[in-house]
Amino acid sequence: MADRYLRLTSTAPGRFLTRRLGLPQPTPLRRWSERTPALDGPLLHLTAGPKGLDGLADTATRAGLPPASGTPGERYAAVLLDATHLATPADLAEVHTALHPVVRRLAPSGRIVLAGAPLSAADHHQAAAQQALEGFVRSLGKEIGHGSTVNLLRLTDPAAAESTLRFLLSPRSAYLSGQVLDTTGTLPTSPGDPARPLAGRTALITGAAQGIGAAVATALARDGAHVLCLDVPGAQAALTRTAERLGGTPLPLDITAPDAAEHIASAAPDGLDALVHNAGITRDRRLANMPAERWNTVLDVNLAAVLTTTDALLATGAIRRGGTVIATASIAGIAGNTGQTNYAASKAGIIGLVRALAPRAAAEHGVTVNAVAPGFIETRMTAAVPLLIREAGRRMNSLAQGGLPEDVAETTAWLADPASAAVNGQVIRVCGQSLLGA
Ligand code: NAD
C-alpha cells in the first residue's frame, strides 16, 4: 500500500534523479493532526471586482489563520480572492491583477480559494464571468504544484459558508483541489463549537471495519459524535475493534439485508444525525466476461441498499431534522473505467440519487444529502489493483499522489458538521484533481 515513489522523491538524490528524468514531483501533503491542526502562515485576503461581499472579511478572520501583515517577502499559507461581484468578462482582468503578483509567494501545501457567486440566470454576462472562475481554478490547480490546492467557493451568505471556508483554509482539505464548493443551499446552518461540531450527535457509518469507513468513524468520533459502526458480520472482529477504540457501537449487519433499515433504527433509538453510506465493493470484469451475479452484487451493495435504507430511514423520521446523508460515489462513476461497468454504474447512480433527493429531503425532512467521490485512495481496495495501473492511478492527478482514507474522512466530517447545512446536493470529489473525469 505504501507509496514508495513519494518516499523516493522526498529525498534529495531521489528528487534530483526523478527531476532529470522528467518524472512527477509529488510534495508530501500537510494533513491535519493534533500537532499540526492549522496551516503555517497568514491569510492574504484580496478583492477582484467593484467590491467585496459584506461580511466575508469577518468570516475569513474567524476561519483560523492570522491576516497577512504586508511585510515585504511575506509567504502566505493561503490566499482568499473575493470575486463575488465580478459581473462582466472585462472584470476578469482583476483576477489576474490580484493573483499574478502573489502566486509565487504561496507556501508549500498552501491554499488558494476564490470566492464566487452563483451564476445568474437573468444576466449572461455575470454568468460568463462567474463560470470563467471555474476554468481558472481548474487550470491553476493543475499548474500550482508544491502540494498546494486551488478551489472555488460559491456563496451568497458568508455565515453559511464559514465551516466550508474553515475546511478549505485548513490541512483537512489537503487532497481536495480544482473543485467548486457550493454553499447556497436553503437549510439554516447551526454553528457549534468548531473543535467538536458533532458533540451530542449520532452518526452511522457503513463499511466501518476498515479503510475509508474506519477513518470516517475516527474523524466523526474526534469531532464529538457517538459512532455506530456497521459492517458485514464476517468483519465483526475488526468492526468491534474500530468501534471500541472510538467509544462507539459495533453493528454487524449486511446493508443489503431486507430489514437493514429496521436494525439501524433500533440501534439508534433517539435517531441519527448523520448517515454515511460508505460500504462498497468492486467485482471487476469487462462486460463481455461479467456474469450477472457480479453485476447484481455490486449494484445491490453500492446503490440499491443505499436507496432502500435512506428512503426507509427518512420516511420513519429516524434521520433527525438538521441531519445529513452522505453517500459515496467515485470518480469511476464520473469518468468510467475499464472492467468497471457495474461499479461505475452503481457510483453514477449515487450521483443521480443525491442530486434528485437533496432538494426534496431538505424541504420535507430538513435533511441534506451529499456525496463524496473519492479518486485514488490508498486502501486495501486499491492495493489489490495491478501495479502499473495502481502507479498510474496514483500519479494522474494534480498532486501526483494517492489520497489517504483520512482525506475522505475529513471531507465527510465537514459535510456532517451542522454548520455546513448550506451544502446540499453536492458531489465533492476528493481526488487531488484527478485527470479522470476532470
Ligand atoms: P474497503 O474494501 O477497504 O472497505 C469497504 C468496507 O465495506 C469493508 O469493510 C466491507 O466489509 C464493507 N462492506 C462491503 N459490503 C458490505 C455490505 N453488504 N454491508 C455492510 N458492509 C459492507 O473499501 P474502501 O477503499 O475503504 O472504500 C470505501 C468506499 O469508498 C466504497 O464505497 C468504495 O467504492 C469507495 N471508493 C474507494 C476508492 C479507493 O480508492 N479506495 C475510490 C473511490 C471510491
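Below, each value reflects all heavy atoms present in this structure, side chains not excepted, and no hydrogens, waters or symmetry copies. Just so you know, ligand 1 is whichever comes first in the structure, and atom 1 is the first atom listed for that ligand.
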May I ask you to list the atoms of ligand 1 that are less than 4.0 angstrom from any heavy atom of [X]?
X: Ile377; value: 39 (C), 40 (O), 41 (N)
X: Leu253; value: 19 (N), 20 (C)
X: Gly280; value: 5 (C), 7 (O), 31 (C), 32 (O)
X: Ile281; value: 14 (C), 15 (N)
X: Ala329; value: 44 (C)
X: Thr382; value: 39 (C), 40 (O), 41 (N)
X: Ala279; value: 7 (O), 13 (N), 21 (N), 22 (C), 32 (O)
X: Gly207; value: 6 (C), 7 (O), 12 (C)

Nearest to [atom], what protein heavy atom do you find, and at what distance?
atom: atom 38 (C) of ligand 1; value: Gly375 O, 3.9 Å
atom: atom 26 (O) of ligand 1; value: Ile212 N, 2.8 Å
atom: atom 30 (O) of ligand 1; value: Thr328 CG2, 3.5 Å
atom: atom 23 (O) of ligand 1; value: Met381 CE, 3.8 Å
atom: atom 4 (O) of ligand 1; value: Gln210 NE2, 3.6 Å
atom: atom 8 (C) of ligand 1; value: Asp231 OD2, 3.6 Å
atom: atom 29 (C) of ligand 1; value: Asn278 O, 3.1 Å

Looking just at side-chain N and O atoms, do [X] and [Y] make a donor-acceptor pair shorter than 3.5 Å?
X: Ser420; Y: Ser163; answer: yes
X: Gln340; Y: Thr282; answer: no
X: Thr310; Y: His277; answer: yes
X: Arg395; Y: Gln401; answer: no

Could you tell me whether [X] and ligand 1 have an N or O pair separated by under 3.5 Å?
X: Thr256; answer: no
X: Pro374; answer: no
X: Ile255; answer: yes
X: Leu230; answer: no
X: Lys347; answer: yes
X: Ser330; answer: no
X: Thr379; answer: yes
X: Tyr343; answer: yes
X: Asp254; answer: yes

- Query: With Asp407, which residues qualify under salt bridge (Lys or Arg N to Asp or Glu O under 4.0 Å), at least two apart?
  - Reply: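 Salt bridge (Lys or Arg N to Asp or Glu O under 4.0 Å) check on Asp407 returns Arg31.
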- Message: Between Arg283 and Glu293 (salt bridge meaning N to carboxylate O under 4.0 Å), is one present in this structure?
- Response: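 Looking at Glu293 together with Arg283, the answer is no, because their closest N to O distance does not fall below 4.0 Å.
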- Salt bridge flag under 4.0 Å for residues Arg154 and Glu134: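 Salt bridge between Arg154 and Glu134, a charged N being under 4.0 Å from a carboxylate O: yes.
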- Passes side-chain contact (heavy atoms from CB on, under 4.5 Å), Val423 versus Leu181? Steps please. CA-CA 8 Å; Val423 183; Leu181 280 67; over 6 Å; no
- Which of these, Thr206, Val306, Val232, has its nearest heavy atom closest to atom 17 (C) of ligand 1?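 It is Val232 whose heavy atom sits nearest to atom 17 (C) of ligand 1.
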- Query: Would you say the side-chain atoms of Asp231 pair up with the backbone N or O of Leu253, donor to acceptor, closer than 3.5 Å?
  - Reply: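 No.
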- Is Ala238 in contact with ligand 1, taking contact as a heavy-atom separation below 4.0 Å?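 It does not; every heavy atom stays at 4.0 Å or beyond.
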- Query: If we only count heavy atoms from C-beta on, is the Leu81 to Leu99 side-chain gap below 4.5 Å?
  - Reply: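 Side chain of Leu81 against side chain of Leu99, heavy atoms only: contact under 4.5 Å found.
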